[in-house]
Amino acid sequence: MIMYFPNMIMYYPTVPLQKMDKVLVLLNCFPSLHVPHHLPSSPPISSTSPSPPSPTRRALSLSIISLSTALFSIPTFSCPAASSATSITDFLDLPNSGGVKALDLRIGSGPVPDEGDQVAIHYYGRLAAKQGWRFDSTYDHKDSAGEPVPFVFTLGSGKVIAGIETAVRSMKVGGVRRVIIPPSQGYQNTTQEPLPPNFFDRQRLFTTIFNPTRLANGEGSTLGTLIFDIELVSLRNQ
C-alpha cells in the first residue's frame, strides 16, 4: 500500500519533470489516494543550522526515498485510465461534437458501436471546477463477487450526457479514451446519467454545476466542464 505523508514532502529528492509525470500517472491509477498538485523542486532553506534528524524521521525519510526510487524503476503501467502524462495540446476536437476534446489512451481492436446498440463502459468521472475532483467511478461499483460493474446504456437514447455518447460513437471495443466535455455537452439537468450512486456526491456535483450565484457571475462556461476516462468494454447490437 502506497502512503503519502504531506508533512514529510521536504524529504523527497529533487525530481526531474519527466519522472514527476510518471509518479503522477501511477498515482492516478489509485484515485482514492491524495495526489499533491505539485512537489517542491528543492527542500526548504533554513536560516539556522538544521538539527540532526531523529531516528524516526530519518527512517521515514529513507522509506520515502526508497519508494520514489521504486516508482521510477517501473517500466510500464497497466492502469486503463491513464497510460501517460498528457497536456491539453494532445487532445483533438471530435467532429460535430459541440466542442468535446478527446485523447485515445488505448486503441481498441473490437467493433465500433452503431446507434441503438447497448454499450457497456467503465469510467472515471472528474469535475474540472473542483480541481479534478473524482465524483464517480464504475471501478468502485462492485457486484456480489467483488468485480467492478460497468455502466450500460443504449447509444442514442438521450438519457446519457451528450459528451459521453459522442465519445463512445467513434471508439472500438477495448479502447480507452480521455475526453474533456464542455458544459453544453455535459449535465443539463439532475436526471441525466451517469449519476453518482452516493447521495452526497450527487449533491456536491450538481450544487457546483448549477450554482445560481456563480452562474449569475458568468461562470457557466467553466462550472460544468467534465473530464471522463472511458473504457468501452462491450456492445450488443439491438
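- Note on I180 and I121: separate hydrophobic clusters, where clusters join Ile, Leu, Val, Met, Phe, Trp and Tyr whose side-chain heavy atoms are under 4.5 Å apart, directly or indirectly.
- I181 is connected to F151 through a chain of hydrophobic side-chain contacts under 4.5 Å among Ile, Leu, Val, Met, Phe, Trp and Tyr, so both are in one cluster.
- By the criterion of side-chain heavy atoms lying less than 4.5 angstrom apart, applied directly or through intervening Ile, Leu, Val, Met, Phe, Trp or Tyr residues, V176 is not grouped with I164; the two fall into different hydrophobic clusters.
- In this structure, I161 CD1 and Q192 CD are separated by 7.0 Å, a value rounded to the nearest 0.5 Å.
- Between G186 and L226, the shortest heavy-atom contact is CA-CD1, 4.0 Å.
- Within 6.0 Å of atom CG in N217, more than 12 heavy atoms from other residues, nucleotides or ligands are found, so the atom counts as buried in its surroundings.
- K159 NZ: 12 or fewer foreign heavy atoms inside a 6.0 Å radius.
- Note that the OG1 atom of T191 and the CG atom of N189 stand 3.5 Å from one another [nearest 0.5 Å].
- The aromatic rings of H122 and Y139 sit parallel to each other, their planes meeting at less than 30°, with 60° as the upper class boundary.
- Cluster annotation: V233 is not connected to V160 through the hydrophobic network of ILVMFWY side chains, with a link wherever side-chain heavy atoms come within less than 4.5 Å.
- Hydrophobic cluster membership is shared by M171 and F153, with clusters built from Ile, Leu, Val, Met, Phe, Trp and Tyr side chains linked at under 4.5 angstrom.
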What's the verdict on side chain to side chain contact (heavy atoms under 4.5 Å, CB included) for D117 and T154, showing C-alpha distance, side-chain angles and the deciding distance?
CA-CA 6 Å; D117 285 349; T154 300; over 6 Å; no
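- Paired with E231 under the rule salt bridge (Lys or Arg N to Asp or Glu O under 4.0 Å), one option of R178, R106, R177 passes, and it is R106.
- With 3.5 Å as the limit, one finds a donor-acceptor pair spanning the side chains of Y123 and D136.
- Considering all non-hydrogen atoms of both residues, D93 and G99 come closest at OD1-O, 4.4 Å.
- For Y124 and F228, the distance between ring centers is not under 6.0 angstrom.
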Start with the C-alpha gap between R204 and D201, add the side-chain angles, then the distance that decides, and say whether side chain to side chain contact (heavy atoms under 4.5 Å, CB included) holds.
CA-CA 5 Å; R204 184 182 180 190; D201 286 341; 5.6 Å; no
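- What you find for G98 and P182 is that their closest heavy atoms are O-CG, 3.6 Å.
- Of all heavy-atom pairs between P197 and R202, the closest is O-NH1, 3.0 Å.
- Residues F210 and Q188 share a closest heavy-atom pair of CZ-C, 3.8 Å.
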Going through the distances and angles, do K101 and V179 end up as a side chain to side chain contact (heavy atoms under 4.5 Å, CB included)?
CA-CA 5 Å; K101 296 181 180 295; V179 292; over 6 Å; no
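- Using bins of under 30°, 30° to 60° and over 60° for the plane-to-plane angle, the ring pair W133/F135 lands in the tilted bin.
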Side chain to side chain contact (heavy atoms under 4.5 Å, CB included) evaluation trace for K142 with V149
CA-CA 6 Å; K142 304 294 179 65; V149 179; 5.8 Å; no
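- Taking all atoms of both residues into account, the shortest heavy-atom contact from P183 to T225 is CD-OG1, 3.6 Å.
- In this structure, D229 and R134 have side chains that are not in contact, with every pair of non-hydrogen atoms separated by 4.5 Å or more.
- Separating the OG1 atom in T208 from the CD atom in Q203 is a distance of 10.5 Å, to the nearest 0.5 Å.
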